[in-house]
K.L.:
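The structure follows.
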Amino acid sequence: MGENEMAVFGVSDAEEEIYRHFLRNPSTAADDLHLLLHTEPGQARARIDRLRELGLLRVEDDGRRIAPEDPETALSRLVDLRLHALHQELQRVTRSRHVIDGLRAEQGARTPPPQGIEQLEGLTQIRNRIDDLAFFARDEILSVEPYTRLSPENIARSRPLDLRCLRRGVRIRNVVSSVALQDPPTAAYLRELSEHGASIRVTADTTERLLVYDRRAALVPLDPRDTSRGALLAHRSGLVSNIIALFEKIWDQAEELALAGGGSGADREGLSVMERRVLVAMCTVGKDEAGARELGVSVRTYRRHVAELMQTLGAVSRAQAALLARERGWI
């Protein structure tokens with residue numbers, strides 16, 4: 001990382017200099033920093049406080065020492081914050097579309113949709129709205145997608161969005177057609193998502209297509225047989241609740257991906273690849289942050305996997321969970 005490169009994250013030259021200093025000298029006492037940087041104590045303290053807010057520094061030893069956060073972890077968080085800010089700015093710029101629609105409605109060119117329901121026209125508009133909804137999802141994404149295969153372009157477009165959601169701890173539950181498992185790239189992608197924490201089930205007899213974000217917004221096609229005709233996006237309405245109920249019915253009747261896919265996603269003890277990796281991390285890695293880094297997931301997702309494994313094992317502590325797992329021969 002060269003000079004001034006952190007400016008894109010909103011970090012000033014002086015703040016970057018302090019962060020770099022702590023990376024080189026992690027044991028420097030906070031009280032001595034103004035002497036090393038030839039600045040006033042108040043300025044040094046203000047810059048340290050700013051770097052703590054950004055997640056680049058943390059306090060240790062009851063406030064006597066300041067330690068740097070790992071650059072990869074810290075900058076990943078700053079990237080997310082910066083992308084979030086840029087996305088909000090982009091939304092503000094593109095809001096003129098809603099102004100145009102409102103003026104057209106006044107002109108009588110179209111009938112305004114029912115309150116809480118938005119009609120999307122064209123695949124480009126639908127995809128852009130899906131990207132927006134996925135970007136801002138915080139808790140859960142539900143989907144039923146009866147495609148028979150995903151093209152390499154679709155996989156390349158979806159992978160970063162899906163993995164980013166999983167890293168942030170967003171729960172993904174996805175029902176797909178069993179026919180999709182006959183396409184090797186599609187099957188491999190679904191198993192990759194499963195290994196990163198997504199819950200995927202397979203069904204042979206659904207033609208439904210739906211997406212639900214944080215149980216607040218639901219997207220369904222105008223014509224399930226021809227998605228290019230457009231879609232309806234419902235917000236916080238009884239329609240959303242009905243769509244969620246339909247999803248739960250389909251979910252309950254679907255089969256786990258690992259069982260439907262010939263067992264490649266689970267071992268003979270019924271553990272998924274991700275569960276086994278979490279078990280190994282619990283026994284070999286001390287801190288949750290290190291375990292999450294090793295598995296390539298967020299700390300929140302890692303802790304959720306740990307809690308689920310402890311419940312499965314009937315353990316009241318991580319140490320007991322590790323002991324029970326060894327007794328069962330799981331690790």
Side-chain angles (χ1 to χ4, degrees), residues 6 8-11 19 51-58 67-88 130-143 155-174 189-200 211-217 257-258 265 271-313 315 317-318 321-322:
M6 294 182 69
V8 70
F9 302 119
V11 179
Y19 179 56
L51 291 169
R52 287 177 58 195
E53 290 177 5
L54 292 172
L56 292 169
L57 297 179
R58 65 177 184 273
E69 292 290 352
D70 175 73
E72 182 176 353
T73 302
L75 291 185
S76 293
R77 179 175 178 274
L78 289 180
V79 166
D80 275 354
L81 290 173
R82 182 59 175 156
L83 287 175
H84 179 77
L86 289 172
H87 200 82
Q88 287 185 314
I130 288 174
D131 289 349
D132 288 345
L133 292 167
F135 187 92
F136 289 107
R138 288 294 174 265
D139 300 312
E140 183 180 54
I141 299 175
L142 312 176
S143 64
I155 293 174
R157 176 186 176 87
S158 300
R159 176 182 278 113
L161 292 171
D162 291 337
L163 295 182
R164 182 180 180 277
C165 285
L166 292 168
R167 284 196 302 269
R168 294 195 341 257
V170 176
R171 186 184 183 195
I172 292 180
R173 287 197 287 158
N174 187 11
Y189 174 57
L190 292 172
R191 293 191 182 103
E192 178 186 4
L193 293 182
S194 179
E195 290 173 7
H196 281 82
S199 298
I200 298 176
L211 286 163
V212 182
Y213 296 88
D214 290 338
R215 298 181 173 262
R216 297 181 178 181
L257 173 66
L271 292 178
S272 69
V273 175
M274 176 60 73
E275 287 172 333
R276 182 169 292 281
R277 291 176 65 196
V278 171
L279 270 176
V280 172
M282 284 173 59
C283 298
T284 59
V285 179
K287 294 184 177 181
D288 288 351
E289 289 78 4
R293 253 194 324 272
E294 186 170 310
L295 270 62
V297 299
S298 69
V299 175
R300 178 181 172 186
T301 298
Y302 177 81
R303 287 172 177 165
R304 174 165 56 81
H305 283 306
V306 170
E308 291 172 352
L309 278 171
M310 288 175 61
Q311 184 176 7
T312 299
L313 289 162
S317 68
R318 297 189 184 196

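In what follows, residues are counted from 1 in the order of the sequence shown.
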K.L.:
Run the side-chain contact (heavy atoms from CB on, under 4.5 Å) test against A217 and tell me which residues pass, sequence neighbours left out.
P.N.:
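L133, L233, H235.
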
K.L.:
Under the rule for side-chain contact (heavy atoms from CB on, under 4.5 Å), what residues qualify as partners of A290, not counting sequence neighbours?
P.N.:
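Partners of A290 by the side-chain contact (heavy atoms from CB on, under 4.5 Å) criterion, ordered by chain and then number, come out as V285, R293.
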
K.L.:
Taking it one step at a time, do L142 and R215 satisfy side-chain contact (heavy atoms from CB on, under 4.5 Å)?
P.N.:
CA-CA 8 Å; L142 312 176; R215 298 181 173 262; 4.3 Å; yes

K.L.:
Going by heavy atoms in the side chains, are L166 and T301 under 4.5 Å from each other?
P.N.:
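No, side chains not in contact.
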
K.L.:
For R303, enumerate each residue passing the side-chain hydrogen bond (donor to acceptor under 3.5 Å, both in side chains) test, keeping only those at least two apart in sequence or located in another chain.
P.N.:
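Scan of R303 (side-chain hydrogen bond (donor to acceptor under 3.5 Å, both in side chains), adjacent residues dropped) gives D288.
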
K.L.:
Between S76 (side chain) and E72 (backbone), is there a donor-acceptor pair under 3.5 Å?
P.N.:
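Yes, because the side chain of S76 sits within donor-acceptor range (under 3.5 Å) of the backbone of E72.
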
K.L.:
Taking only residues two or more places apart in sequence, or in another chain, which ones meet R171 in a side-chain contact (heavy atoms from CB on, under 4.5 Å)?
P.N.:
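R171 satisfies side-chain contact (heavy atoms from CB on, under 4.5 Å) with E140, R173 once adjacent residues are dropped.
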
K.L.:
Would you say L54 and V11 make side-chain contact, with heavy atoms under 4.5 Å?
P.N.:
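In contact.
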
K.L.:
Might you point out which heavy atoms bring A281 and G291 nearest each other, and give the distance in Å?
P.N.:
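Smallest heavy-atom distance, with atoms named: CB-CA, 4.5 Å.
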
K.L.:
Output all residues satisfying side-chain hydrogen bond (donor to acceptor under 3.5 Å, both in side chains) with R157, sequence neighbours left out; order by chain, then residue number.
P.N.:
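Listed in chain order: D131.
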
K.L.:
Go through the structure and list residues passing salt bridge (Lys or Arg N to Asp or Glu O under 4.0 Å) with R216, not counting sequence neighbours.
P.N.:
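If we apply the salt bridge (Lys or Arg N to Asp or Glu O under 4.0 Å) test to R216, skipping adjacent residues, there are no hits.
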
K.L.:
Quick one, H196 and D162 - any side-chain contact, counting heavy atoms below 4.5 Å?
P.N.:
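Side-chain contact under 4.5 Å: no.
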
K.L.:
Please give me the minimum heavy-atom distance between S194 and I200, naming the atom from each residue.
P.N.:
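Closest pair (atom of S194, atom of I200, distance): N-CD1, 4.2 Å.
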
K.L.:
Testing the basics here: between I141 and C165, what is the closest heavy-atom pair and its distance to 0.1 Å?
P.N.:
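So the minimum-distance heavy-atom pair works out to CD1-SG, 3.9 Å.
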
K.L.:
According to side-chain contact (heavy atoms from CB on, under 4.5 Å), who are the partners of A74, at least two apart in sequence or on a separate chain?
P.N.:
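Testing A74 for side-chain contact (heavy atoms from CB on, under 4.5 Å), a comparison that skips the adjacent residues, returns Y19, L56, E69.
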
K.L.:
Please identify each residue that fulfils side-chain hydrogen bond (donor to acceptor under 3.5 Å, both in side chains) with E289, with sequence neighbours left out.
P.N.:
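Here no residue qualifies.
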
K.L.:
Can you sort out the partners of R304 under side-chain hydrogen bond (donor to acceptor under 3.5 Å, both in side chains), two or more places apart, ordered by chain and number?
P.N.:
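Checked R304 against side-chain hydrogen bond (donor to acceptor under 3.5 Å, both in side chains); zero matches.
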
K.L.:
Report yes or no: does D214 contribute a side-chain atom to a donor-acceptor pair with the main-chain N or O of D139 at less than 3.5 Å?
P.N.:
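At least one qualifying donor-acceptor pair exists.
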
K.L.:
Kindly give the heavy-atom pair with the smallest separation between Y302 and R318, and that separation in Å.
P.N.:
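For Y302 versus R318, the nearest heavy atoms are CE2-NH1, 4.4 Å.
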
K.L.:
For the residue pair R168 and F136, what are the closest heavy atoms and their distance?
P.N.:
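For R168 and F136, the tightest heavy-atom pair comes out as NH2-C, 4.3 Å.
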
K.L.:
Are M310 and V306 close enough, and set up right, to give a side-chain contact (heavy atoms from CB on, under 4.5 Å), and what steps lead you there?
P.N.:
CA-CA 6 Å; M310 288 175 61; V306 170; 4.0 Å; yes

